[in-house]
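What follows is a single structure, written as structure tokens, with notes after it.
One-based numbering, in listed order, for ligands and for the atoms of each.
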Amino acid sequence: MRRARVGILISGRGSNMSALIAAAKASDYPAEIVCVIANRPDAAGVGIAAAEGISAQVIDHKAFGSKADFEAALAAALDAYGVEIIALAGFMRVLSADFIARYPGRILNIHPSLLPAFKGLDTHERALAAGVKEHGCSVHIVNAALDDGPVLMQACVPVLAADTPETLAARVLEAEHRIYPAALAEFAARLLAS
Ligand code: GRF
């Protein structure tokens, strides 16, 4: 069975990355994780991916004179691995429209809110401040606007009266780890069938 080639971009701890790597170990999973790239040298996920036997590297955005140069290096690395789908997993750089256009409809992201609510940062704090009773996470296709592309999958979690941003984040994160592998599997299977 051919499997779609996935590159994961991270900036930090990489728990969603780990969920994708774990799911892709199943022999019938329609995607394989061929590389992990972090834009920060201190991203804990790099060591975790390497320990899983996945090719993992740092491309430090601070080492480049411009965003275009950083993204050119990123694209060169992804293309060297024959990446067909890019999965953003806590990747904290906003990609340019030019970069996104190189991989049209092939970049996925996980966002910790029920999009289109709470785009951007600090979603759990903002959900609590707004008093919403349901919160959650979304896997979506990346387009040139922040946290804006078509939603592929969502999961809801309840907001409890005693929640803090931390307890709510932990509940949402569990849901993230469930839906990102499921959404990537559906997306990759569709790509392979197309
Ligand atoms: C997750 O909450 C994800 O939704 C957001 O950034 C966080 C990354 O966490 N985009 P991790 O690095 O996957 O643990």
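- Counting only heavy atoms of the protein, atom 12 (O) of ligand 1 lies nearest to Gly14 N, 2.9 Å.
- Of the possible polar contacts, one joining the Thr123 side chain to the Pro112 backbone as a donor-acceptor pair under 3.5 Å is found.
- Taking Ile, Leu, Val, Met, Phe, Trp and Tyr as hydrophobic and joining them when side-chain heavy atoms fall under 4.5 Å apart, one finds Val94 in a cluster with Leu146.
- Of the candidates Pro112, Ala169, Ala38, it is Pro112 that places a heavy atom closest to atom 5 (C) of ligand 1.
- The closest approach between Ile110 and ligand 1 falls below 4.0 Å for a heavy atom of the residue.
- For atom 3 (C) of ligand 1, the closest non-hydrogen atom of the protein is Glu176 OE1, 3.2 Å.
- Taking distance alone, with nitrogen or oxygen atoms compared against 3.5 Å, Asn109 stays at or beyond that limit from ligand 1.
- At the top of the distance list for atom 8 (C) of ligand 1, counting protein heavy atoms only, stands Gly90 CA, 3.6 Å.
- By the 30° and 60° cut-offs, the orientation of the rings of Phe91 relative to Phe70 is parallel.
- Applying the side chain to side chain contact (heavy atoms under 4.5 Å, CB included) criterion to Ala49, with sequence neighbours excluded, gives Met17, Ile21, Val36, Ile54, Ala56.
- In this structure, Leu88 and Ile10 have side chains that are not in contact, with every pair of non-hydrogen atoms separated by 4.5 Å or more.
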